[in-house]
Structure formats: structure tokens, C-alpha cells
Amino acid sequence: MAKMVGMNANYKEVAGVLRTFEGGAAFAREVLNKMVEAGSKRTFNSVNATLAAMATKGYVNKAKAVYNDKMLTKYTLTEAGIAELDKTDEAETAEVKDAE
């Protein structure tokens with residue numbers, strides 16, 4: 001199996017929502033809530049697992065913070081994560097232009 005280069009569609013979807021928060025930082029629950037408001041059928045477990053997997057790839061950082069009186073993990077987009085999102089957007093734009 002070939003090694004995946006860059007973000008997959010799942011990572012891009014979650015990272016795109018995370019990017020909309022101030023400082024690119026939010027809790028998994030906040031990301032899920034915003035995705036559900038936009039019509040997504042994602043579950044908390046899938047969003048949380050995606051964010052955790054992105055942390056192992058260096059696309060987000062993890063830190064413990066208080067959320068509704070509980071200590072939970074807060075995720076923050078890294079420079080590498082932002083660069084991957086920007087690179088992906090440019091690549092998709094180029095593909096659309098090539099198709100025209």
C-alpha cells in the first residue's frame with residue numbers, strides 16, 4: 001500500500017471546520033456542533049478520532065483545557081495543517097481549471 005501524502009478528504013473536512021474557530025483552536029464537541037449545524041451526519045466519535053489521528057500526523061496540536069467544567073483535549077491547527085489545507089485548495093483549483 002502506498003504511503004498517503006497530504007490530507008485525505010476526512011481530514012480536510014474536519015480541519016476546514018476547525019480553521020473557522022478563533023486561532024484555529026476548538027474542542028471536538030465544538031467542531032462536531034458546527035458540522036451538524038451545516039448539515040453533516042458525522043458523530044462525535046468520528047470527529048474526535050479524526051482530530052486525534054491528525055495530531056499524530058502533526059496537522060493539529062493537542063492540549064488539555066476546561067470545557068463545561070471538564071478537562072478535555074483542545075485541538076489547534078498547526079502551520080503544517082494550515083499549509084496542507086491551503087495546498088489542497090490550490091491543487092483542487094488547478095484541477096478545475098485543467099478540466100475546463
Side-chain angles (χ1 to χ4, degrees):
M1 185 174 193
K3 182 179 177 186
M4 185 182 76
V5 178
M7 286 187 177
N8 63 30
N10 190 24
Y11 288 6
K12 286 187 275 185
E13 180 184 14
V14 173
V17 174
L18 182 59
R19 186 182 213 173
T20 65
F21 287 91
E22 184 178 336
F27 295 95
R29 178 64 61 190
E30 294 175 311
V31 174
L32 172 68
N33 290 344
K34 194 171 258 194
M35 292 176 80
V36 168
E37 286 173 10
S40 176
K41 302 288 186 202
R42 299 286 294 260
T43 65
F44 172 76
N45 287 343
S46 88
V47 171
N48 195 43
T50 299
L51 286 165
M54 289 172 62
T56 66
K57 307 273 192 245
Y59 296 138
V60 296
N61 287 328
K62 301 186 325 182
K64 290 291 185 182
V66 177
Y67 180 74
N68 290 341
D69 298 328
K70 295 180 183 174
M71 286 298 289
L72 300 175
T73 303
K74 188 170 192 173
Y75 296 93
T76 306
L77 269 175
T78 62
E79 290 297 321
I82 292 168
E84 276 299 315
L85 273 177
D86 290 343
K87 181 171 75 175
T88 303
D89 291 344
E90 291 168 7
E92 288 174 0
T93 302
E95 288 174 13
V96 170
K97 286 181 182 176
D98 289 343
E100 293 176 349

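All heavy atoms count here, side chains included; hydrogens, waters and symmetry mates do not.
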Legend entry - For Lys34, all residues meeting side chain to side chain donor-acceptor pair (under 3.5 Å), sequence neighbours excluded: Thr20

Legend entry - Side-chain touch Tyr11/Glu84, heavy atoms, less than 4.5 angstrom: no

Inset, instruction - Please list, chain by chain and in numerical order, all residues satisfying ring-ring contact (aromatic ring centres under 6.0 Å, His included) with Tyr67, sequence neighbours excluded. - result: Phe27

Please tabulate, for side-chain N and O atoms in residues 41-56, each donor-acceptor pair with protein atoms closer than 3.5 Å (sequence neighbours left out).
| from | atom 1 | to | atom 2 | distance (Å) |
| --- | --- | --- | --- | --- |
| Arg42 | NE | Ser46 | OG | 2.9 |
| Arg42 | NH1 | Asn10 | OD1 | 2.9 |
| Arg42 | NH1 | Glu13 | OE1 | 2.8 |
| Arg42 | NH2 | Asn10 | OD1 | 2.9 |
| Arg42 | NH2 | Thr50 | OG1 | 3.2 |
| Thr43 | OG1 | Ser46 | N | 3.2 |
| Ser46 | OG | Thr43 | O | 3.2 |
| Thr50 | OG1 | Asn10 | ND2 | 3.1 |
| Thr50 | OG1 | Ser46 | O | 2.8 |
| Thr56 | OG1 | Ala53 | O | 2.6 |

Inset, instruction - State the CG-CZ distance between Leu77 and Phe21, to the nearest 0.5 angstrom. - result: 11.0 Å

Inset, instruction - Using a 4.5 Å cut-off on heavy atoms from C-beta on, say whether the side chain of Thr73 contacts that of Lys64. - result: yes

Legend entry - Val31 versus Leu18, closest heavy-atom pair with distance: CG2-CD1, 4.0 Å

Legend entry - From CE (Met7) to CG (Leu85), nearest 0.5 Å: 4.5 Å

Inset, instruction - Of all the heavy-atom pairs spanning Gly58 and Ala80, show the shortest one and how long it is. - result: O-CB, 3.8 Å

Legend entry - Selection residues 22-33 - residue pairs positive for side-chain hydrogen bond (donor to acceptor under 3.5 Å, both in side chains), sequence neighbours left out: none

Legend entry - Residues forming a side chain to side chain donor-acceptor pair (under 3.5 Å) with Lys70, sequence neighbours excluded: none

Inset, instruction - Group every Ile, Leu, Val, Met, Phe, Trp and Tyr by side-chain heavy-atom contacts under 4.5 Å, then state whether Tyr75 and Ile82 land in the same group. - result: yes

Inset, instruction - Measure the CD-CG distance between Glu37 and Leu32 for me, rounded to the nearest 0.5 Å. - result: 9.5 Å

